[in-house]
Amino acid sequence: MTGRLRTPRWMAVVREALATSWAQPVASVVTIIMVAGMCATVLLTTGRTVGAEQAVINSIDSAGTRSIIVRAEPASGLDATVLDRLASLDGIEWAGAFGAASDVQNAAFDDATRVPVRTVWAADLTALGIPATSAIENRSAWASATALDALGMPDAVGGVTAISGGEYAIMGRLEVPDYLQFLEPLVMIPQTPETPGAVSVLVVIAERPDLVAPVSRAVQSVLAVDDITTVTISTSESLATLRGLIEGQLGSFGRNLVIIIFALTALLVAAILYGLVMLRRKDFGRRRALGASQSLIVGLLLTQVAFLSAIGAIIGCAAAAIGLAATGDPLPGLDFFAAVALLAVAVGAIAAVIPALAAARRDPLAELRVA
C-alpha cells in the first residue's frame, strides 16, 4: 500500500509561521527592528563594558595576578625537596624551584659577555619550551632570547662555560612567561628530581587569583627552612583583589543594564503582538472554527516570533560588532555575542506568550459573528 507521507506536525507549524511572517511584512519588520535594536543596544553598552573589563583584566593578569615568589638566602636551608611537599597542596597550577644564579659565557670566546644561569627543578617545563627529557641530564641548557643575544648565539646552538667551572650545551630557545620575567636574562639547566640542590627562588602559580592568599600561606607552611627570617614571600594578592573588584563592579553594572533593556523590549514586543492579535482576531477565530486547537495557535505565534527574533538578533549583533570595530573599542567574546542573541530570542518568545494565549482563547463564534 502506497500513499503520500504526511508532513510532521511541527514542520507544518514552522511552515505556517514562516508564511504568516511573510504575509505580514510590516509587523514582521517592526519585530525584527525591535529585537535588533535591543541586541545592538546591549552590545554597544554592556558589550563595550564587558570588552573593556576583559582588556583591563587581561592587562592585570599579564602582571601575574596568580604568582607567589619565595626568595631564600643561602643559609635558609631551602632545597628542591620543597616541590614534593607542594605536590600535596591543592590550588597550585605550577611550581618551579631555581638555584642561585652563577655566570656563564660563550665557550667560543675568552672575554664574552657573562649571563646568569640557574639550575631548575619542576614537574613540567614543556610550557617553557623545554622537553620532558634532556639529551644530557643536568648538563643541557635552554636560554631566553635576551640571553641568547647576550651570548652571541642567535641560532640557540652552542656551548657555554661557567665561571666557577663546568660546561653546558645550549639545546634550544626558552619561552619565558610573564611570571618569570624578573629572572631575565635567563638560562636554565633542568635538573632531575633525584638531583639535590639548594633553592634560591621558588615560584608558585595559583590556579585562580582568589587563591593567592590561601596558597601563599600553605606554601609558607611547607617550606621547612632552618630560619624563616631568611625567607621573603611576595605575592600578587593586591592585584588579585583589584582584579576581583573590577570584575565585580563592572559585571554588576552590566547585568543591571541588560535586565533593564531586555525588560523594556519585552514589554514593547508584548504590546505590539497583542495589538496584532486584536487586529487578526477574526483570522484566529476562523482557524479555531476550522478545528485548530488552542495549543496550535500558541505554537504558531511563538514560532513566528522566535523566527523573527532570531533574524533581529543576527542583524543586531552584526551591526554592533561593526560599530565597535569601527570605533576601536574592544569586542566582547563570541560567547557574549551568542548569549545576547539566545537571550533575545528567548525574551521575544516569552513576551509572545500572553498575546498567544489571548489569541488561542478567543471564542470562534463571537469573532465570526457579523455585526
Side-chain angles (χ1 to χ4, degrees), residues 64 67-87 92 94-107 112-125 127-130 134 136-151 153 158-205 216 219-236:
S67 60
I68 302 165
I69 300 173
V70 179
R71 291 180 172 86
E73 298 179 6
S76 65
L78 183 64
D79 58 29
T81 60
V82 68
L83 294 178
D84 296 330
R85 297 187 290 274
L86 289 176
I92 295 178
W94 184 85
F98 299 84
S102 59
D103 290 337
V104 294
Q105 64 183 29
N106 193 324
T113 302
R114 297 182 180 183
V115 175
V117 63
R118 294 178 183 269
T119 52
V120 59
W121 293 264
D124 182 16
L125 291 172
L128 308 182
I130 300 177
S134 302
I136 309 174
E137 287 189 353
N138 300 335
R139 288 291 174 180
S140 300
W142 279 260
S144 66
T146 304
L148 290 171
D149 290 341
L151 290 171
M153 298 180 179
V160 293
T161 303
I163 303 304
S164 58
E167 295 184 352
Y168 305 95
I170 299 295
M171 306 298 292
R173 190 180 304 273
L174 182 66
E175 300 294 336
V176 183
D178 293 336
Y179 53 83
L180 295 181
Q181 290 289 337
F182 71 98
L183 295 175
E184 283 275 43
L186 182 59
V187 179
M188 287 186 181
I189 304 174
Q191 303 293 294
T192 58
E194 301 79 15
T195 305
V199 172
S200 174
V201 177
L202 175 66
V203 178
V204 178
I205 306 300
S216 63
V219 169
Q220 183 176 356
S221 68
V222 299
L223 291 178
V225 294
D226 299 331
D227 184 1
I228 194 62
T229 61
T230 60
V231 174
T232 58
I233 301 178
S234 59
T235 70
S236 55

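Just so it is clear, the model here is predicted, and its values are computed rather than measured. Numbers here simply count residues along the sequence, with the first being 1.
- Applying the side-chain contact (heavy atoms from CB on, under 4.5 Å) test to S102 and every residue at least two apart in sequence or in another chain returns V117.
- Across every non-hydrogen atom of W121 and G99, the tightest pair is CZ3-N, 4.0 Å.
- Remark: D124 engages T126 in a side-chain contact (heavy atoms from CB on, under 4.5 Å) (not counting sequence neighbours).
- A pairwise comparison of heavy atoms in Y168 and A162 identifies CE1-CB, 4.0 Å as the closest pair.
- Atoms CG and CG, from L180 and L186 in turn, are 7.0 Å apart once rounded to the nearest 0.5 Å.
- The side chain to side chain donor-acceptor pair (under 3.5 Å) test applied to R85 returns T81, not counting sequence neighbours.
- The two residues V199 and A72 come nearest to each other via the heavy atoms O-CB, 3.8 Å.
- The structure places CD1 of I205 at 10.0 Å from CG of D178, a figure rounded to the nearest 0.5 Å.
- Checked against side chain to side chain donor-acceptor pair (under 3.5 Å), Q220 has no partners two or more places apart in sequence or in another chain.
- When the side-chain contact (heavy atoms from CB on, under 4.5 Å) test is applied to N138, the partners found at least two apart in sequence or on another chain are Q191, T192, T195.
- Annotation: the span from L183 atom CG to I69 atom CD1 amounts to 7.5 Å, rounded to 0.5 Å.
- With values rounded to the nearest 0.5 angstrom, L202 atom CG is found 6.5 Å from L83 atom CG.
- With a 4.5 Å cut-off on side-chain heavy atoms, V160 and V187 do not count as touching.
- Judged by distance alone, the side chain of Q105 and the main-chain N or O of I163 form no donor-acceptor pair under 3.5 Å.
- Among all heavy-atom pairs drawn from Y179 and S67, the shortest one is CB-CB, 4.2 Å.
- Put simply, CH2 on W142 and CG on L148 are 12.5 Å apart, with the number rounded to the nearest 0.5 Å.
- Among residues two or more places apart in sequence or in another chain, the side-chain contact (heavy atoms from CB on, under 4.5 Å) test is passed with A169 by M171.
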Legend entry - Test log, rule side chain to side chain contact (heavy atoms under 4.5 Å, CB included), inputs V70 and V204: CA-CA 8 Å; V70 179; V204 178; 5.7 Å; no
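- Annotation: R114, atom CZ; neighbour count of heavy atoms from other residues, nucleotides and ligands within 6.0 Å does not exceed 12.
- In terms of heavy atoms, E175 sits closest to A127 at CB-O, 4.4 Å.
- Between I130 and M188, the shortest heavy-atom distance links the atoms CD1-SD, 4.0 Å.
- Note that CG of L223 is 5.5 Å distant from CD1 of I228, once rounded to the nearest 0.5 Å.
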Legend entry - From CA spacing to verdict: side chain to side chain contact (heavy atoms under 4.5 Å, CB included), L78, V231: CA-CA 9 Å; L78 183 64; V231 174; 5.6 Å; no
